[in-house]
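Naming convention: chains lettered A, B, ... in sequence-line order (proteins, then strands); numbering from 1 in each chain. What you see below is based on every heavy atom in this structure, not just the backbone, and it leaves out hydrogens, waters and symmetry mates.
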Protein chains: 2
Amino acid sequence: MTERKPRKDAVRNRAAVLEAADTLFARCAGPADITMADIAAAAGVGKGTLFRAFGDRTGLIRALHETRLAPLRDAVAQGPPPLGPGTPPLRRVPALLDAVLCFKLDNRHLALALEEAGSGSPYEAGHYDRWHALLRDELERVPGLTDGSFAAHALLAATRADLVEHLAGRQGMTREDLRARLAEFTARVLGDGRRS
Amino acid sequence: MTERKPRKDAVRNRAAVLEAADTLFARCAGPADITMADIAAAAGVGKGTLFRAFGDRTGLIRALHETRLAPLRDAVAQGPPPLGPGTPPLRRVPALLDAVLCFKLDNRHLALALEEAGSGSPYEAGHYDRWHALLRDELERVPGLTDGSFAAHALLAATRADLVEHLAGRQGMTREDLRARLAEFTARVLGDGRRS
DNA sequence: GACGATACGGACCCCGGGTCCGTATCGCAA
DNA sequence: TTGCGATACGGACCCGGGGTCCGTATCGTC
């Protein structure tokens with residue numbers, strides 16, 4: 001009903017813009033360095049096209065992000081353990097967080113751009129609620145944790161793009177190093193087997 | 001040497017601007033809603049004055065923040081326990097985090113403005129390094145914690161202004177509620193006495 | 001009260017996000 | 001193949017906000 005098939009040039013241009021934006025964001029220091037006009041030029045289209053296709057800057061970045069995120073979402077929704085459903089919480093939670101961290105490491109520029117694009121926080125616009133709900137549900141099944149919701153917020157906060165950027169970028173921390181430290185921290189929150 | 005005493009009207013205007021900016025930020029929904037011109041007008045000065053006194057927008061917000069933060073800094077640097085030095089880590093760390101949380105609750109607008117003002121993250125511009133170093137040093141004396149630095153980052157991330165805003169503002173979470181949940185989370189990270 | 005130093009203020013500039021509309025392209029149908 | 005509505009294109013244009021500049025007013029000192 002509300003479906004109208006788009007014209008060919010429209011989809012081609014859309015793809016070109018996405019492509020150009022991705023490489024531009026990847027190449028530059030900060031997301032603020034590249035303007036809409038830059039993207040349009042790099043994609044070989046006019047600004048109008050760009051805004052018609054994505055609405056506004058945030059829309060573009062969201063679309064880009066969404067594209068990259070799809071595989072991970074699928075893996076979480078219906079993939080095999082330890083990411084997929086059916087895995088016991090004590091094993092799934094660390095896996096989820098590690099996956100999120102890796103995603104942000106692999107897409108630093110994107111995640112950064114997204115957080116800085118949403119008017120203010122990443123908490124309103126986006127996928128955040130989905131991740132939080134997922135984590136919360138798992139955490140609530142962990143014995144001893146009285147508030148899964150807050151723990152979920154806190155753990156996700158530990159994987160925020162700008163923190164990752166700070167540690168991995170500025171501070172030269174290794175990918176594996178970061179993963180290990182997050183894993184250790186997570187284990188501690190989960191109440192690792194330690195007694196006394 | 002490099003010290004020259006400023007003129008009276010200069011200090012008066014500086015104070016007026018700070019005052020005006022504070023009330024404006026407090027009154028509006030988001031920091032982005034108020035412009036430099038607004039602040040200048042509210043303070044009854046010209047834009048030039050405002051920029052001469054603070055350099056740029058970030059400078060203004062930083063100055064404001066610094067003012068409000070001073071008492072807390074003093075309490076931490078040379079106040080009585082549990083905030084002051086000499087307190088055992090297991091008691092000081094929760095106290096520090098609670099203090100930070102309370103500060104952000106009491107100055108939501110400011111903290112928010114600051115995080116969004118610094119070009120990108122709060123990790124480059126500001127006091128962050130001081131807080132992190134302080135926390136790290138304490139955490140490294142907690143038995144069982146293998147990486148105090150990461151833990152410090154993670155715990156501070158749990159008190160980030162936009163998260164606080166999301167929980168306390170949007171989600172209507174109570175001040176005491178939030179404090180309790182952060183305290184509980186902190187305790188868990190510290191390895192609370194629980195045995196299996 | 002007079003004069004150099006300092007600060008004031010707001011008109012002005014620049015840049016970037018977002019819009020508009022005349023023109024080009026698409027795709028369907030005859 | 002041609003004709004014609006619907007759809008998309010592009011870049012000139014607008015606007016709002018951060019930051020600057022300099023002629024004028026104020027300060028404070030001699």
B/N107 side chain vs B/L110 backbone, donor-acceptor pair below 3.5 Å
no
Taking B/R136 for its side chain and B/A152 for its backbone only, find out whether a donor-acceptor pair lies under 3.5 Å.
no
Return all side-chain donor-acceptor pairs below 3.5 angstrom for residues 94-102 of chain B, not counting sequence neighbours, or 'none' if the list is empty.
unit_1 : atom_1 : unit_2 : atom_2 : d
B/D98  : OD1    : B/R179 : NE     : 2.9
B/D98  : OD2    : B/R179 : NE     : 3.4
B/D98  : OD2    : B/R179 : NH2    : 2.7

Rounded to whole Å, the CG-C1' distance (B/D38 to C/dG10) equals 15 Å
Rounded to the Å, how far apart are A/L50 CG and D/dA8 P?
15 Å
Indicate every side-chain donor-acceptor pair of residues 164-172 of chain A with a distance under 3.5 Å to a residue at least two apart or in another chain.
unit_1 : atom_1 : unit_2 : atom_2 : d
A/E165 : OE1    : A/R108 : NE     : 2.7
A/R170 : NH2    : B/E124 : OE2    : 3.3

C/dG9 C1' sits how many Å from B/I39 CD1, rounded?
16 Å
Ring geometry between B/Y123 and B/Y128 (parallel below 30°, tilted from 30 to 60°, perpendicular above 60°)
perpendicular
So, OP1 or OP2 of C/dC8: does either fall under 4.0 Å of a side-chain N or O from B/N13?
yes
Surrounding CZ of B/R141 (heavy atoms of other residues, nucleotides or ligands, distance under 6.0 Å), is the total greater than 12?
no
In B/S/- notation (B base, S sugar-phosphate only, - none; protein heavy atoms under 4.0 Å), nucleotides 17-30 of chain D written 5' to 3' is -BBBB----BSSS-
Return no unless some side-chain N or O of A/T49 is found under 4.0 Å from OP1 or OP2 of D/dG10.
yes
